[in-house]
Amino acid sequence: MAETKSTCCYCGVGCGVVIEHEAGRITSVKGDPDHPANFGRLCTKGATLHLSAAPETLATRALYPEQRASRDEPLQRVSWDTALDTAAEKFAAIIKEHGPDAVAIYGAGQLLTEDYYVFNKLMKGLIGSNNLDTNSRLCMSSAVAGYKLSLGADAPPCSYEDIAHTKALFITGSNTAFAHPIAFRRVEDARKANPDMKLVVIDPRRTDTAEAADLHLALLPGTDIALYNAMLHVMLWEGWINRDYVEAHTEGFDALKKIVREYSPAMAATICGLDKKAIEQAAQLFATSPATMSMYCQGLNQFSFGTHNNSALINLHLATGQIGKPGAGPFSLTGQPNAMGGREVGGLANLLSAHRDMANPAHRAEVAALWGIDSVPEAPGKSAVELFQALKSGEVKAVWIACTNPAQSMPDQTLIDEALKTAEFVIVQEAFGHTETCRYADLLLPASTWGEKDGTVTNSERAISRVRSAVPAPGEARHDWAIVVDFARRLGAHLGKRELAARMFPYASPEEIWNEHRESTRGRDLDITGLSYALLENTGPQQWPFPEGAGHGKVRLYEDGLFPTPSGRARFVVTEHRITAESPSARYPLHLNTGRLRDQWHGMSRTGLVARLYSHEAEPLLHMHKDDMERRKLGDGDLVKVKSKRGSVVVKAQQSTSLRPGQCFLPMHWGGNAMGGLGINVLLPGDFDPYSKQPELKHAAVQVEKYSAGKSLVAMRRSEADADGKLQPNPHEVMARLRQWLPRFPYASLTLAGRSAPVVVLKARGDDLAPELIEALDRDLSLDDPTQVLSYQDSRRDIAKRARVDGDSLSAVRLAGETKAAEWLADLMVQGHSATAVRPWLLAPLTQPPAGQSARGKVICNCFDVAEDEIVEAFRAGESLDGLQARTRCGTNCGSCVPELKRLRQSVNH
Ligand SMILES: Nc1nc2c(c(=O)[nH]1)N[C@H]1C(S)=C(S)[C@@H](COP(=O)(O)OP(=O)(O)OC[C@H]3O[C@@H](n4cnc5c(=O)[nH]c(N)nc54)[C@H](O)[C@@H]3O)O[C@H]1N2
Ligand SMILES: Nc1nc2c(c(=O)[nH]1)N[C@H]1C(S)=C(S)[C@@H](COP(=O)(O)OP(=O)(O)OC[C@H]3O[C@@H](n4cnc5c(=O)[nH]c(N)nc54)[C@H](O)[C@@H]3O)O[C@H]1N2
Ligand code: SF4
Ligand SMILES: [Mo]
């Protein structure tokens with residue numbers, strides 16, 4: 001067995017991992033005790049990374065280049081030479097006929113810095129267009145624009161260690177407990193060490209993060225600016241402004257003061273739906289604490305005024321001098337593992353290498369000189385939403401999508417569907433071949449992924465970490481950077497720039513690319529000329545800036561009060577309350593909010609392979625307030641149709657105590673692979689912020705109605721390890737077969753359950769459950785051999801059940817019509833209980849589960865498999881949290897469920 005140190009490929013906390021592997025297979029993963037982001041800890045997602053690379057998951061990988069002759073034909077395996085020649089020919093032909101702006105690249109903050117660098121150089125340098133945008137547009141672009149507008153450069157000034165120094169922490173628009181769990185463990189540690197530290201959480205929902213707060217401001221969605229302006233109003237009124245700081249280091253305060261005068265706490269209380277006292281209290285905590293830090297994320301960024309949301313918050317830091325000192329500052333948490341690296345190389349349609357501005361002629365000349373070309377284009381390229389609009393209109397004809405799944409994650413999925421269908425040529429460069437976007441590919445390029453790749457990433461605190469390869473890529477998958485370099489040389493030949501392309505793309509390793517990137521940062525705010533792969537390897541992750549000659553990186557920026565603006569002063573930005581692009585109305589009366597689940601990652605191409613990661617929230621659910629459910633006569637688990645101006649989805653409703661009336665919440669993860677239709681993002685608008693062009697993914701106005709048409713269907717298939725430890729059947733192959741059926745149903749959900757013996761679960765509701773459909777489904781579930789199955793059919797009572805028993809365990813079940821016993825049966829399968837007890841039930845006209853038998857409830861602790869019912873029961877019986885933890889070990893490993901355990905204890909005590 002060997003060990004390889006690398007970095008977790010999920011969130012921007014950027015935890016170090018140690019990958020254990022044997023004979024080219026990843027066998028386990030643990031936290032790297034030496035990594036400064038996590039010191040050995042991992043959350044539920046990081047700790048299950050090896051499961052996402054288990055042998056059976058190979059069935060989901062893109063292994064060979066594949067191409068289709070026409071849109072109606074399936075993808076066919078081709079050689080790399082054919083694939084890349086076709087791609088180069090297509091791109092060259094379009095560029096020659098329609099100009100370089102007729103092609104585009106859409107990448108991701110999950111690419112490594114080296115991948116990103118060559119993609120950027122290919123588009124802006126060799127092709128000569130700025131049409132390179134990435135999913136960072138959906139994620140961090142408002143944070144980038146906010147930092148630049150207020151502070152002059154795109155640089156988070158704080159570090160994780162500031163969490164230990166802060167005296168007042170404001171977490172706003174961030175569910176840190178779910179989305180940055182290891183950073184939240186630090187918050188918990190800091191509060192333990194420093195009981196006087198205050199935690200204020202600003203979020204419309206009472207999340208696990210909010211539950212931990214001393215003060216939770218459950219403001220109405222989209223009203224942050226009114227709140228921050230009112231806090232500033234209070235600070236001015238009370239004389240809590242740090243006048244010396246404002247005088248010495250900022251500009252523009254007077255203009256802001258004028259506006260803020262109108263934002264009395266009473267006025268803001270009305271806009272935000274908050275208590276005036278709470279606003280005053282927040283202002284006092286912020287201004288009078290010796291060190292105030294804020295941590296924020298998509299609850300600020302994903303609005304059509306996301307940039308000003310950011311700047312309004314930064315205004316507070318500037319007015320109180322809460323920046324550039326330990327435990328203080330505006331700390332934008334980055335979402336993806338390398339959102340920061342992408343920004344560093346200028347990986348957006350309006351940025352250039354090393355934080356240079358496209359609009360600045362001197363910057364453009366510098367980049368051209370670095371790349372050895374005459375010029376880089378001046379006009380910004382298309383941002384994400386604009387890019388897909390242009391594909392639809394035909395202005396852009398070909399797109400190369402890499403390391404992102406826009407057919408799941410972009411807003412306005414109807415537009416994305418039309419755009420990708422209209423496009424002349426779509427290249428998808430993916431590690432997993434089963435994503436929603438792969439279905440639109442004319443050319444699928446198989447990429448290596450975590451565990452296989454080699455390069456660097458930068459986390460939220462500006463720390464650059466090495467990503468290392470532990471095992472070879474499967475099949476013919478290649479590294480992202482290598483695919484780009486190979487393509488660039490071929491494209492050069494087709495464009496009559498063979499030598500130029502060879503000169504621009506000479507790299508034989510990611511290190512060579514990184515060294516060029518390093519040189520591009522010389523003299524810039526993010527100067528890393530003092531770093532090298534060798535240094536990162538020998539001394540571990542380092543923060544930028546780290547110029548030549550420096551002994552270490554900078555923990556904190558702006559300690560000298562000098563800002564990278566022309567005047568050297570930070571800027572107050574005049575920010576005013578605006579209403580969201582789409583306000584609730586009589587027709588669409590509810591606010592729909594979207595965001596993350598604790599255990600799933602985006603479109604679930606990786607986390608969706610790990611059965612236990614579904615146990616915290618098993619299927620697509622619309623979270624609703626009790627009043628809104630009662631008004632619609634809805635109970636938990638009832639189906640609802642959620643409709644916005646753009647489209648609709650059918651999902652189950654579930655009561656939530658974390659929402660205010662008038663609001664509902666859908667997890668962002670469920671796309672067309674996990675449910676019917678195009679997934680939940682058909683509901684969301686493409687409206688975007690004028691500065692950052694980041695779309696408003698946190699808000700849509702919707703109507704919700706009970707859905708009861710059609711008949712129910714539940715199909716389940718259990719897998720078990722054979723003598724060689726191989727899962728039989730491969731659950732991912734079962735899922736792939738069942739996925740074909742999703743479009744047939746207005747409501748459908750396809751998920752996994754269980755742990756080491758996973759169960760594939762398809763739930764659906766269809767207008768007609770035609771016998772052919774049921775028969776075909778039975779074949780997919782191995783329920784088609786009458787000698788092997790138990791079945792009972794009574795059409796008059798709408799009972800049609802069929803099950804298969806292997807050995808002593810229930811291995812497949814299909815219920816059509818009456819499905820009330822589905823949860824009970826699913827639980828039996830998950831637990832691997834003997835099938836003996838089920839036989840009589842199966843062969844009789846029974847629809848309800850036997851008395852006293854119910855499902856186990858959601859799993860709270862994923863590490864030790866402890867469910868909510870057991871926990872609540874223990875608290876009811878008077879057990880203490882410590883006692884429960886000593887007995888069941890729940891929450892003692894990764895700690896991701898600790899906030900929830902505390903909440904459950906509190907709810908029982910009340
Ligand atoms: N488990 C998990 N972790 C992840 C990811 C994942 O997919 N799964 N993805 C990563 C990525 S790329 C990102 S960008 C981050 C995102 O991390 P977060 O931004 O923390 O996560 P979200 O759940 O999208 O949204 C955060 C909160 O914003 C709140 N919010 C909504 N509207 C408003 C508002 O008007 N004002 C305020 N103040 N708050 C509001 C929501 O209720 C929600 O609780 O997570 C990263 N970490
Ligand atoms: N409603 C709603 N929608 C949202 C959001 C929201 O809050 N609400 N949040 C938005 C945000 S912040 C983000 S960041 C986006 C995320 O949206 P996406 O970028 O679409 O998210 P992922 O599913 O992580 O997509 C990454 C893809 O890359 C593939 N992949 C993994 N490793 C590699 C590799 O090494 N190379 C290549 N080539 N491919 C690889 C994965 O299989 C996966 O399909 O979603 C956005 N969409
Ligand atoms: S907090 Fe979890 S998902 Fe984020 S980097 Fe660390 S282990 Fe990975
Ligand atoms: Mo993100």
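Both counts, for ligands and for their atoms, begin at 1 and track the order of listing. Note that the structure is a prediction, hence the values are computed from the model and not measured. Side-chain atoms are counted along with the backbone in the values below, which use heavy atoms only and exclude waters and symmetry mates. By convention here, the first residue in the shown sequence is residue 1.
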Problem set entry | Subset of ligand 1 atoms that lie under 4.0 Å from at least one heavy atom of P221 | 35 (O)
For this session: Kindly assign one of parallel, tilted or perpendicular to the pair F286 and H317, based on the angle between their ring planes and the thresholds 30° and 60°.
Result: perpendicular
Exercise. Under 4.0 Å from any heavy atom of R598, which atoms of ligand 1 are there?
Worked result: 1 (N)
Exercise. Which residues pass the side chain to side chain contact (heavy atoms under 4.5 Å, CB included) test with E900, sequence neighbours left out?
Worked result: D208, R598, H616, K858, I860, R903
For this session: Please confirm whether F665 comes under 4.0 Å of ligand 1, counting heavy atoms of the residue only.
Result: no
Exercise. Cationic tip of R478 within the cone over W80's six-membered ring, i.e. under 6.0 Å and within 45° of the normal?
Worked result: yes
Exercise. Mind checking what residues have non-hydrogen atoms under 4.0 angstrom from ligand 2?
Worked result: Q110, N135, L138, C139, Q298, Q302, Q336, C403, T404, N405, S409, Q429, E430, A431, F432, T435, A447, S448, T449, K453, D480, T594, R596, W601, H602, G603, S605, M668, N681, L684, L697, K698
Problem set entry | Exam field: side chain N405 to backbone T435, donor-acceptor pair closer than 3.5 Å | no
For this session: For the pair W601 and Y10, name the ring-plane relationship: parallel under 30°, tilted 30 to 60°, perpendicular over 60°.
Result: tilted
Seminar exercise, completed: If we number the atoms of ligand 1 from 1 as shown, the ones under 4.0 Å from a heavy atom of T172 are 38 (N)
Show me the donor-acceptor pairs within less than 3.5 Å that the side chains of residues 176-187 make with the rest of the protein, sequence neighbours left out.
from: T176; atom 1: OG1; to: S174; atom 2: OG; distance (Å): 2.7
from: H180; atom 1: NE2; to: T334; atom 2: O; distance (Å): 2.8
from: R185; atom 1: NE; to: E188; atom 2: OE1; distance (Å): 2.9
from: R185; atom 1: NH1; to: G895; atom 2: O; distance (Å): 3.1
from: R185; atom 1: NH2; to: E188; atom 2: OE2; distance (Å): 3.3
from: R185; atom 1: NH2; to: G895; atom 2: O; distance (Å): 3.1
from: R186; atom 1: NH2; to: P36; atom 2: O; distance (Å): 2.6

Exercise. Is E582 salt-bridged to R646, going by a charged N under 4.0 Å from an acidic O?
Worked result: yes
Exercise. Is the shortest heavy-atom distance from the side chain of Y228 to the side chain of H577 under 4.5 Å?
Worked result: no
Seminar exercise, completed: Sequence neighbours excluded, the answer for ring-ring contact (aromatic ring centres under 6.0 Å, His included) partners of F305 is F303
Exercise. Given that the side chain starts at C-beta and the backbone is N, CA, C, O, which of these parts of L597 lies under 4.0 Å from ligand 1, counting heavy atoms, or is it both or neither?
Worked result: backbone
Exercise. Does NZ or CZ of R205 fall inside the cone over F665's six-membered ring, less than 6.0 Å from its centre and within 45° of the axis?
Worked result: yes
Problem set entry | Contact atoms of ligand 1, heavy-atom distance to F303 under 4.0 Å | 32 (N), 33 (C), 34 (C), 35 (O)
Exercise. Should the proximity of F178 to ligand 1, defined as any heavy atom under 4.0 Å, be assigned to the side chain, the backbone, both, or neither?
Worked result: backbone
Problem set entry | Numbered atoms and elements of ligand 1 in range of G222, under 4.0 angstrom, heavy atoms | 34 (C), 35 (O)
Seminar exercise, completed: If we number the atoms of ligand 1 from 1 as shown, the ones under 4.0 Å from a heavy atom of T207 are 44 (O)
Exercise. Do ligand 1 and L300 have nitrogen or oxygen atoms that lie under 3.5 Å from each other?
Worked result: no
Seminar exercise, completed: ligand 1 atoms nearer than 4.0 angstrom to some heavy atom of K45 are 1 (N), 2 (C), 3 (N)
For this session: Considering the heavy atoms of G173, write down every atom of ligand 1 situated less than 4.0 Å from one of them.
Result: 19 (O), 26 (C), 27 (C), 28 (O), 37 (C), 38 (N), 39 (N)
Problem set entry | Check ion pair D154-R343 (N to O, under 4.0 angstrom) | yes
Exercise. Does L138 offer a backbone N or O that forms a donor-acceptor pair with the side chain of Q694 under 3.5 Å?
Worked result: yes
